[in-house]
Amino acid sequence: MLGQTRVVTTALAATLISLSLCFGAEAQTVTLGQFQHPAGAKDLEFNKAYLLGALNGLLAFNAASDDKQFCLPGLIPKLTFEETNDVVIRWARKTSGSTDITLGQALMFSLKAAYPCRG
């Protein structure tokens, strides 16, 4: 029961943090193309915060789900910005798909490819 409460609290906190970041940016979605080619330093910082917010949300969702979408190693799954960025960029290069996909979708697909669940 305590573990489930912690997951729900973490998911709620990640959602609130993500929402608070979006208010200043007029709540726009970041595409994979915008992430790969930011227009300037301000966009680069926004993209970094957006990616980390999406990552925290997906980690909380995955932890609470019975049907795991990806399986990170370690007792407490976590990734740094650099690790997450590398996973997304490697996936984007391999798939050479549309850059119009949202960064959140690209992150989910890249995490599933990089950290598949066995059995």
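Count residues from 1 along the sequence.
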Next on the checklist: Would you say Leu52 ends up clustered with Leu44 if hydrophobic residues are merged whenever their side chains have heavy atoms under 4.5 Å apart, either directly or through other cluster members?
Outcome noted: no

Item to check | Any pair counted as disulfide (SG to SG under 2.5 Å), so long as it reaches residues 78-112, sequence neighbours left out | outcome: none

Item to check | Validation row: Asn85, Phe35 side chains within 4.5 angstrom (heavy atoms) | outcome: yes

Checklist entry - If you look at every heavy atom in Phe70 and Asn62, which pair is closest and at what distance? => result O-ND2, 2.7 Å

Checklist outcome for this item: Distance col, row Leu32:CG vs Asp100:CG, nearest 0.5 angstrom, shows 9.5 Å

Next on the checklist: So which atom in Gln69 and which in Cys117 form the shortest heavy-atom distance, rounded to 0.1 Å?
Outcome noted: C-SG, 4.4 Å

Checklist entry - Are there more than 12 heavy atoms of other residues, nucleotides or ligands under 6.0 Å from atom NZ of Lys68? => result yes

Checklist entry - Could you state the interatomic distance from OG1 (Thr31) to NE2 (His37), rounded to the nearest 0.5 Å? => result 9.5 Å

Item to check | Close side-chain approach of Ile101 to Phe109, heavy-atom, < 4.5 Å | outcome: yes

Checklist entry - Atom NZ of Lys94 and atom OG of Ser110: how far apart are they, to the nearest 0.5 Å? => result 10.5 Å

Item to check | Backbone of Gln34 reached by a side-chain donor or acceptor of Asn47 within 3.5 Å | outcome: yes

Item to check | Atom pair CG/CE of Leu103 and Met108 - distance to nearest 0.5 Å | outcome: 12.5 Å

Checklist outcome for this item: CG of Leu79 to CG of Leu111, rounded to nearest 0.5 Å, is 6.5 Å

Item to check | Shortest non-hydrogen separation from Ala114 to Val87 and the atoms involved | outcome: CB-CG1, 3.9 Å

Checklist outcome for this item: Here the pair of heavy atoms bringing Cys71 nearest to Pro116 is CB-O, 4.2 Å

Checklist entry - side-chain hydrogen bond (donor to acceptor under 3.5 Å, both in side chains) with Lys48: which residues, sequence neighbours excluded? => result none

Checklist entry - Do the side chain of Glu83 and the main chain of Thr80 share a donor and acceptor less than 3.5 angstrom apart? => result yes

Checklist entry - Any side-chain heavy atom of Leu107 sitting closer than 4.5 Å to one from Leu58? => result yes

Checklist entry - So how far is it from Arg90 CZ to Thr95 OG1, rounded to the nearest 0.5 Å? => result 13.0 Å

Next on the checklist: Quick one, Thr84 and Leu51 - any side-chain contact, counting heavy atoms below 4.5 Å?
Outcome noted: yes

Next on the checklist: For a quick test of reading the model, state the closest non-hydrogen atom pair linking Gln36 to Ile89 and the distance between them.
Outcome noted: CG-CD1, 3.9 Å

